[in-house]
Amino acid sequence: MRLTFNGTTPLDPVINAWFADRTDALGSMARDWWIRMRGCGDDVLELFHDGCPVACIEDVPFAYVNAFKRHVNVGFFNGASLPDPEGLLEGTGKRMRHVKLRSGVEIDEGALADLIDAAYRDARDYVAGG
C-alpha cells in the first residue's frame, strides 16, 4: 500500500509563494532541485503538504524539498526501496528517506539526480499498475 494525497495540481500557487519567501542560498538550492523534480515528466503534479512542496504522479507522491535554517532536504516517499550506490540517503523509517544538502558542502549531483529519476519511475510504474 502506498501513501496518496488529494488535491494535486499541475501548478500550485502556494508553492510559488513558498519559494518567493526563500531568497537565500538554501532557498535557491531547494528551488533548483524542485525544478529537477518537476522536469521528470509532463505527468508530474504538485502539492503543498506539511509545509513543503511535494512532487507526485497523479495522487502518489515521489519526492519533496524543504529548506531549513542550515540545510535543505530532498526527500523521497519510497526512498527505502531506491538504489543508492553513493550512500546519499539518510533516515531509518519504514519507507521515507532524504538527502541533506548544506551550503558549501559538495554532493554528487549526478547521484542525487539519479535518485530523483528512480523515485519518479517508481511512482509512475506504481500508478500504471506495474
Side-chain angles (χ1 to χ4, degrees):
M1 184 163 149
R2 278 281 201 32
L3 175 68
T4 59
F5 292 132
N6 293 323
T8 59
T9 182
L11 294 171
D12 187 336
V14 175
I15 292 173
N16 288 337
W18 187 85
F19 279 114
D21 288 343
R22 284 153 185 80
T23 58
D24 62 357
L26 292 175
S28 178
M29 187 183 302
R31 180 185 300 277
D32 290 346
W33 288 107
W34 176 250
I35 290 169
R36 178 69 177 77
M37 290 172 194
R38 291 285 301 138
C40 285
D42 292 339
D43 54 351
V44 176
L45 299 174
E46 58 189 50
L47 172 75
F48 194 76
H49 179 76
D50 279 348
C52 64
V54 176
C56 302
I57 304 295
E58 293 184 10
D59 60 351
V60 176
F62 68 91
Y64 69 90
V65 295
N66 205 350
F68 299 95
K69 287 184 179 184
R70 295 190 175 131
H71 70 277
V72 168
N73 279 355
V74 176
F76 302 95
F77 287 86
N78 205 33
S81 70
L82 296 177
D84 182 24
E86 299 303 319
L88 298 179
L89 293 171
E90 297 182 30
T92 59
K94 186 174 180 180
R95 290 189 178 88
M96 293 187 71
R97 297 287 185 275
H98 65 275
V99 176
K100 194 174 286 188
L101 308 174
R102 292 180 175 84
S103 291
V105 177
E106 292 292 320
I107 188 151
D108 186 333
E109 292 184 3
L112 181 51
D114 289 346
L115 286 168
I116 292 169
D117 290 342
Y120 166 75
R121 285 190 308 271
D122 177 63
R124 186 191 62 204
D125 292 348
Y126 179 79
V127 167

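Remember, predicted model here, so these are calculated numbers, not experimental data.
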Are [X] and [Y] side-chain neighbours, meaning at least one heavy-atom pair lies under 4.5 Å?
| X | Y | answer |
| --- | --- | --- |
| F62 | Y126 | no |
| M29 | W34 | no |
| P53 | F19 | yes |

Who are the side-chain contact (heavy atoms from CB on, under 4.5 Å) partners of [X], not counting sequence neighbours?
| X | value |
| --- | --- |
| A67 | W18, R22, A30, V72 |
| D43 | I57, Y120, R124 |
| R36 | W33, C40, A113, I116, D117 |

message: With a 4.5 Å cut-off on side-chain heavy-atom distances among I, L, V, M, F, W and Y, is there a chain of contacts connecting L115 to V74?
response: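 Yes, same cluster.
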Side-chain donor-acceptor pairs of residues 3-16 under 3.5 Å, sequence neighbours excluded:
| from | atom 1 | to | atom 2 | distance (Å) |
| --- | --- | --- | --- | --- |
| T8 | OG1 | E58 | O | 3.0 |
| D12 | OD1 | V14 | N | 2.9 |
| D12 | OD2 | F48 | N | 3.4 |

Could you go through residues 98-112 and list every donor-acceptor pair under 3.5 Å that involves a side-chain atom there, pairing it with any protein atom two or more places apart or in another chain?
| from | atom 1 | to | atom 2 | distance (Å) |
| --- | --- | --- | --- | --- |
| D108 | OD1 | G110 | N | 3.2 |
| D108 | OD1 | A111 | N | 2.9 |

field: Any residue meeting ring pair (Phe, Tyr, Trp, His ring centres under 6.0 Å) with H71, in chain and number order, not counting sequence neighbours
entry: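 Per chain and number, H71 pairs via ring pair (Phe, Tyr, Trp, His ring centres under 6.0 Å) with F68.
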- request: Check ring pair (Phe, Tyr, Trp, His ring centres under 6.0 Å) between F76 and all other residues, then give those that pass, not counting sequence neighbours.
  value: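 Here no residue qualifies.
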Side-chain donor-acceptor pairs under 3.5 Å in residues 84-94, sequence neighbours left out?
| from | atom 1 | to | atom 2 | distance (Å) |
| --- | --- | --- | --- | --- |
| D84 | OD1 | G87 | N | 3.2 |
| D84 | OD1 | L88 | N | 2.9 |
| D84 | OD2 | L88 | N | 3.0 |
| D84 | OD2 | L89 | N | 2.8 |

message: For E46 and V54: C-alpha separation, side-chain torsions, deciding distance, then whether side-chain contact (heavy atoms from CB on, under 4.5 Å) applies.
response: CA-CA 6 Å; E46 58 189 50; V54 176; over 6 Å; no
- request: Hey, could you give me the SG/NE2 distance between C56 and H49, rounded to the nearest 0.5 Å?
  value: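 If I round to the nearest 0.5 Å, the distance is 9.5 Å.
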message: Holding to side-chain hydrogen bond (donor to acceptor under 3.5 Å, both in side chains), I want the full list of residues that pass it with D122, two or more places apart in sequence or in another chain.
response: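 D122 satisfies side-chain hydrogen bond (donor to acceptor under 3.5 Å, both in side chains) with R2, N78 once adjacent residues are dropped.
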message: For a quick test of reading the model, state the closest non-hydrogen atom pair linking M96 to Y64 and the distance between them.
response: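 That closest heavy-atom pairing would be CE-CE2, 3.6 Å.
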